[in-house]
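Numbering of ligands and ligand atoms starts at 1, following listing order. This is a predicted model, so every value here is computed, not measured.
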Amino acid sequence: MIQINEHYQKLAASYLFVDIAKSIRAHQEAHPEQDIIKLGIGDVTRPLPAATLEALHTAIDEMASPDTFRGYGPEQGYDFLREAIAREDFQSRGVAISPDDVFVSDGSKCDTGNIQELFSPDLRVAVPDPVYPVYVDTNVMAGRTGVFENGRYQGLTYLAGTKENGFVPPPPKEEVDLIYLCFPNNPTGATATREQLAAYVEYARKHQALILFDAAYVSFIRDPDLPHSIFEIPGAETCAVEFRSFSKTAGFTGLRCAYTVIPPTVQAWTSNGTPVAVRDLWARRQTTKFNGASYPIQRAAGAIYTPRGTEEVRSLTDYYLENARIIRQGLDQAGFNSYGGKNAPYVWVDAQRPSWELFHLLLEKAGVVTTPGAGFGAAGEGYIRISAFNDREKVERAMERIQAALK
Ligand SMILES: *Cc1c(COP(=O)(O)O)cnc(C)c1O
């Protein structure tokens, strides 16, 4: 008899986007004349930067000629891309990351989901709340939690982001082994200072724990004092792994390219206390289960690091950040307190009522779709997330409608 992995049965069905879609459909049927503006989903809407498209076309043409055709590439990624990443994203900021520490992949969702399999099944895990669900669900699947009860899994440590801590929770009081962090944050748009990250690095070193740092939104940082990488914090080179993605940075959600950074000094231990380099484990995992991101896509990602590509990515992220500013200003005029949206493409809004209530109110009165914060975890109750990933004109119209509706 083929038996299933019963930990899958513990997964709490995520009805969030299904319920949202259902509400939209019902509203559309009742008001067929109204066009609905969707500021709910965390996907980009603007086309790819021209420099990446040009590189993509050139690479595809290379595949058409026997002299320049390429088959399987190196599992860890092509040198041209790993060298550009190490130089431009790290060394240029004084961080000693080498191309050997960079593992190119087809997405941060898989990287942040896969990494946990390098570690023991009975680790103690801490996750942010509200949270990007991948961190939680992959640990549920691996059997590191109990059952789902009252909005939380037993056995997980939840680090609650609240108004009081500015949505940057401090390290846990109890001892944990694996800690997920995401800054700039999805869904709250919060960013962490050097001091706040340093507290986590100190915690990790003290407890021989590992930090998994998701920096998918790093290219939205404009405040020069904010760290871009966990590796800007001294000591992190022994206790952290960083994930970055071209998805939100350069509009690659449909192209697929990301990378993971693991310095050789990052250690984990065997049950009898022998240290092992996490980079070697990940190299082994990737060369066994992954055959590399496609050549044309890696060429497209490489083009981001040319002067023209850098400039185009900057104006693309500036565009979304201006949307975020318009959203914050619109909400302020409508009488809401909101957070984030300054170094991140998400605005986190104090709903002044249950999440779903404000969601329905904005849908019914203004025809604007948002995301109820409760869908991201217990600590998200009482908030909604508004995404700045949309076209300017729609964002402006959405804010006008919200203001008119709530007068
Ligand atoms: C969008 C997003 C990613 C990127 O995922 P990809 O698989 O690279 O598209 C990673 N982490 C968070 C928190 C995200 O919101």
Looking at [X], which atoms of ligand 1 are within less than 4.0 Å of one of its heavy atoms?
X: G107; answer: 7 (O), 8 (O)
X: S247; answer: 6 (P), 8 (O), 9 (O)
X: C182; answer: 13 (C)

Whether [X] and [Y] hold their rings parallel, tilted or perpendicular, with breakpoints at 30° and 60°:
X: F183; Y: F213; result: tilted
X: F103; Y: W282; result: perpendicular
X: F220; Y: Y320; result: tilted
X: F80; Y: Y295; result: perpendicular
X: H31; Y: H27; result: tilted

Side chain or backbone, does S245 bring an N or O within less than 3.5 Å of an N or O on ligand 1?
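Yes, since at least one N or O of S245 sits under 3.5 Å from an N or O of ligand 1.
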Is any N or O atom of K109, backbone or side chain, closer than 3.5 Å to an N or O atom of ligand 1?
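Looking only at distances, the answer is yes, because the N/O contact criterion of under 3.5 Å is met.
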Please work out whether any backbone atom (N, CA, C, O) or any side-chain heavy atom from C-beta onward of Y217 is under 4.0 Å from ligand 1, and answer side chain, backbone, both or neither.
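Just the side chain.
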Using a 4.0 Å heavy-atom threshold (strictly under), name the region of S108 that reaches ligand 1: side chain, backbone, both or neither.
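Contact part for S108 vs ligand 1: both backbone and side chain.
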Consider ligand 1: state whether an atom of it lies below 4.0 angstrom from any non-hydrogen atom of G42.
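No; G42 lies far enough from ligand 1 that no heavy-atom distance drops under 4.0 Å.
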Would you call D214 a ligand 1 contact, heavy-atom distance under 4.0 Å?
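Per 4.0 Å heavy-atom rule, D214 contacts ligand 1.
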Step through the shown structure and confirm whether more than 12 heavy atoms of other residues, nucleotides or ligands are within 6.0 Å of OH on Y8.
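No, because the 6.0 Å sphere around OH of Y8 holds 12 heavy atoms or fewer from other groups.
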NZ (K10) with more than 12 external heavy atoms under 6.0 Å:
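Yes, the 6.0 Å shell around NZ holds more than 12 heavy atoms from other groups.
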Indicate whether the side chain of S315 and that of E312 have a donor and an acceptor atom separated by less than 3.5 Å.
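Note: S315 and E312 side chains miss the donor-acceptor criterion.
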Minimum-distance protein heavy atom relative to atom 14 (C) of ligand 1
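Among all protein heavy atoms, the one nearest atom 14 (C) of ligand 1 is K248 NZ, 3.3 Å.
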Taking atom 7 (O) of ligand 1 as the reference point, the nearest protein heavy atom with its distance
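I find the closest protein heavy atom is R256 NH2, 2.7 Å.
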